[in-house]
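Comments concern the structure below.
When a residue number appears, it is its place in the shown sequence, counting from 1. Both counts, for ligands and for their atoms, begin at 1 and track the order of listing.
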Amino acid sequence: MKIALLGCGVVGGGVLEIIDKRCDMELKYVLVRRAKPELGDRAVNDFNIIINDKEIDTVVEAMGGLSPAYEYACAAMRAGKNFVTANKHLVAHYYKELVSLAKENGVAFRCTPAVGGGIPWLVNLERVLRCDAVSSVSGIMNGTTNYILDAMHKNGASFADVLAEAQRLGYAEADPAADIDGLDIQRKCVISANVAFGVVLGEEDVPVFGIRSIGSCDIAAAESLGRICKMLAFGKSLPGGIAAYVEPCFVKSGEPEAAVSANRNLISFETELTGKECFYGQGAGKYPTAYNAVQDCIDILSGVKSFYTDGFVPAHSDNSLEEHPYYVRFAGCDEWLEEVSERSCGEGVITKPLPVSVMHAWAKKAKEADAGLFFAGLV
Ligand code: HSE
């Protein structure tokens with residue numbers, strides 16, 4: 001297998017190191033914007049060199065962002081090259097286009113590192129679908145926010161300090177807003193739900209509320225309820241349709257998600273035959289993510305051509321199908337919030353069970369009055 005790597009940042013650098021130790025694949029080119037003397041003559045800055053080289057059968061993308069990653073993905077697959085990517089934004093945004101293009105051109109399109117870093121999540125989702133229908137996908141899909149919440153619970157650390165440390169450790173996205181506002185998780189949720197349910201949801205189908213406004217008083221409120229605050233993604237196939245959303249949750253302390261520390265992820269599916277199965281491990285970072293990109297290459301080498309699912313039914317989520325109580329901390333006066341509140345909890349209140357769609361819509365509007373508003377689902 002002759003590979004061209006696009007991008008040589010944290011993840012790309014890991015891919016390079018792992019491939020260079022193998023004898024079943026060779027990394028011929030590394031596309032870089034700026035010269036990297038250590039790459040020698042493997043470094044190129046013209047993508048056409050890769051496209052025009054018939055020896056290259058597989059392109060591994062570790063650049064991030066939508067453009068030019070999308071243009072490169074399309075050009076590579078049209079030129080008959082397999083495409084492996086760690087870029088969840090690219091896959092979530094252009095899901096249908098990329099999967100269709102791979103099929104039309106008879107090439108493999110794999111993105112295992114895009115969800116869960118080093119966790120074998122998408123490949124096991126693919127595997128369970130051979131035998132059973134998946135009724136839900138859920139869990140902790142972002143290392144940075146888990147690292148922050150864990151440190152806030154364990155050390156009473158401040159949000160800003162822990163975020164800076166997560167960035168230093170290479171967990172956070174280039175723009176950490178994608179982590180703390182939940183967009184990174186939204187993309188992973190879209191990909192997971194699409195694969196699990198054989199549908200095509202867009203990012204707009206998965207409302208998100210992040211942890212930007214969380215304070216130590218919210219952590220204390222969770223603990224007063226015997227719970228731990230975690231950032232969770234949910235995709236559920238329900239009798240009336242699909243619910244999909246991302247929000248901070250106060251999880252009961254005995255639940256597996258509550259015990260997940262540092263930058264680790266825990267992602268689960270549920271099926272009738274298996275019940276809930278959880279996949280746990282390093283959800284971010286250089287070597288775990290690079291490892292899964294190389295695993296995708298090995299799968300291709302051993303003959304894998306298909307995507308993780310064959311189902312691509314256009315769909316939309318309906319989050320009125322799901323409801324649970326919420327913890328809400330809001331500084332203003334709000335008649336609706338007073339009506340749905342059942343009791344106070346620290347500086348916030350606990351509501352009666354509310355449809356997820358209603359809570360997210362209210363919070364979006366209420367943030368205009370109080371940018372420091374925070375809520376968490378009681379699940
Ligand atoms: N910023 C992401 C995270 C990287 O923290 O999980 C892996 O997608």
Side-chain angles (χ1 to χ4, degrees), residues 7 9-15 60-66 69 84-93 95 110-123 125 137-152 157 159-195 203 206 208 210-212 214 229-233 246-248 257 260-268 278-296:
V10 175
V11 173
V15 171
V60 177
E61 186 263 320
M63 308 164 65
L66 291 182
V84 171
T85 181
N87 184 339
K88 54 258 160 185
H89 195 185
L90 174 75
V91 182
H93 199 79
Y95 187 83
R110 305 292 285 183
C111 57
T112 311
V115 187
I119 301 172
W121 163 244
L122 291 179
V123 284
L125 203 47
V137 288
S138 64
I140 298 169
M141 299 190 184
N142 181 270
T144 303
T145 47
N146 200 64
Y147 184 84
I148 293 171
L149 293 171
D150 187 46
M152 289 180 81
F159 180 86
D161 287 351
V162 213
L163 173 60
E165 181 63 4
Q167 284 177 288
R168 196 188 64 74
L169 291 167
Y171 304 153
E173 295 299 297
D175 174 6
D179 293 301
I180 60 180
D181 294 331
L183 299 178
D184 174 79
I185 313 173
Q186 178 190 53
R187 292 160 190 158
K188 292 166 178 169
C189 186
V190 166
I191 300 168
S192 301
N194 283 354
V195 171
E203 290 143 292
V206 181
V208 238
I211 59 163
R212 183 182 285 275
I214 194 167
C229 186
K230 292 290 175 190
M231 189 64 181
L232 297 185
V246 174
E247 62 185 24
E257 288 81 2
V260 176
S261 61
N263 71 324
R264 294 186 188 90
N265 287 192
L266 183 138
I267 319 177
S268 312
C278 304
F279 298 82
Y280 168 84
Q282 292 286 341
K286 178 177 180 174
Y287 292 113
T289 311
Y291 153 86
N292 252 342
V294 176
Q295 285 285 17
D296 279 351

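- The side-chain heavy atoms of Val137 and Trp121, taken from C-beta on, include a pair separated by under 4.5 Å.
- His89 is listed as a side-chain neighbour of Glu203, based on a closest heavy-atom distance under 4.5 Å.
- By the salt bridge (charged side-chain N to carboxylate O under 4.0 Å, His left out) test, Lys230 is found to be paired with no residue, residues two or more places apart in sequence or in another chain being considered.
- Checking Thr112 against Asn292 by side-chain atom types alone, no donor-acceptor pair falls below 3.5 Å.
- If you take CG on Leu163 and CD1 on Ile148, they are separated by 4.5 Å, rounding to the nearest 0.5 Å.
- Between Lys88 atom NZ and Asp184 atom CG the span is 4.5 Å, to the nearest 0.5 Å.
- The contact shell of ligand 1, taken as protein residues with any non-hydrogen atom closer than 4.0 angstrom, comprises Lys88, Asn142, Gly143, Thr144, Tyr171, Ala172, Glu173, Asp179, Asp184, Lys188, Gly283, Ala284.
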